[in-house]
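Just so you know, these numbers use all the heavy atoms, side chains as well, and skip hydrogens, waters and symmetry mates.
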Amino acid sequence: MVNPDQLGTVEELRAELHKANALVLRLSISAHDLNALLGGITQCLAPVITAHLAGEADGTKAALDELVARHVVQKGAPAGGMH
């Protein structure tokens with residue numbers, strides 16, 4: 001961040017504005033990507049949560065099994081089991 005009171009010329013102001021615009025663009029893209037990721041996670045977990053809230057133990061397990069089958073890759077047995 002730059003102190004605007006320390007900018008002495010239009011060229012300096014313009015250069016800092018370009019930097020700020022580039023930062024805003026990068027942050028917007030990052031926020032969009034994170035929002036899409038969160039939406040995907042929510043969509044994956046929704047069947048598990050729905051079955052759990054309905055008190056359906058078998059449905060919860062089935063939804064978890066489906067989630068694991070689609071999205072989990074185990075690369076060797078975890079030491080001491082999973083936590």
Is L7 reachable from L17 through a run of I, L, V, M, F, W or Y residues, each pair having side-chain heavy atoms under 4.5 Å apart? no

Rounded to the nearest 0.5 angstrom, the NE2-CD1 distance for H71 and I41 is 10.0 Å

Quick one: are T9 and L13 in side-chain contact, heavy atoms under 4.5 Å? no

Under 3.5 Å, is there a donor-acceptor pair between the side chain of T60 and the main chain of E56? yes

Supply the atom-to-atom distance L37 CG to T42 OG1, rounded to the nearest 0.5 angstrom. 9.0 Å

Distance, nearest 0.5 Å, that separates CG of L23 from OG of S30: 10.5 Å

Looking only at heavy atoms, the pair that brings A51 and G59 closest together is CB-C, 3.6 Å

Applying the 4.5 Å side-chain criterion to the ILVMFWY set and letting contacts propagate, would V24 and L34 be lumped into a single cluster? no

Rounded distance (nearest 0.5 Å) linking atom CG of N21 with atom NE2 of H18: 7.5 Å

Which heavy atom in V2 sits nearest to a heavy atom in P4, and how many Å separate them? O-CD, 3.2 Å

Please say yes or no: joined through hydrophobic side-chain contacts below 4.5 Å, possibly via intermediate residues, are V72 and L64 part of one cluster? no

Which distance, rounded to the nearest 0.5 Å, do you find between the CG of D58 and the CG of D65? 10.5 Å

Would a single hydrophobic cluster contain both L38 and V48, if residues Ile, Leu, Val, Met, Phe, Trp and Tyr are joined by side-chain heavy-atom contacts under 4.5 Å? no

CD on E16 to CG on N3, rounded to 0.5 Å: 10.5 Å

Closest non-hydrogen contact found for E12 with Q6 is OE1-O, 4.3 Å

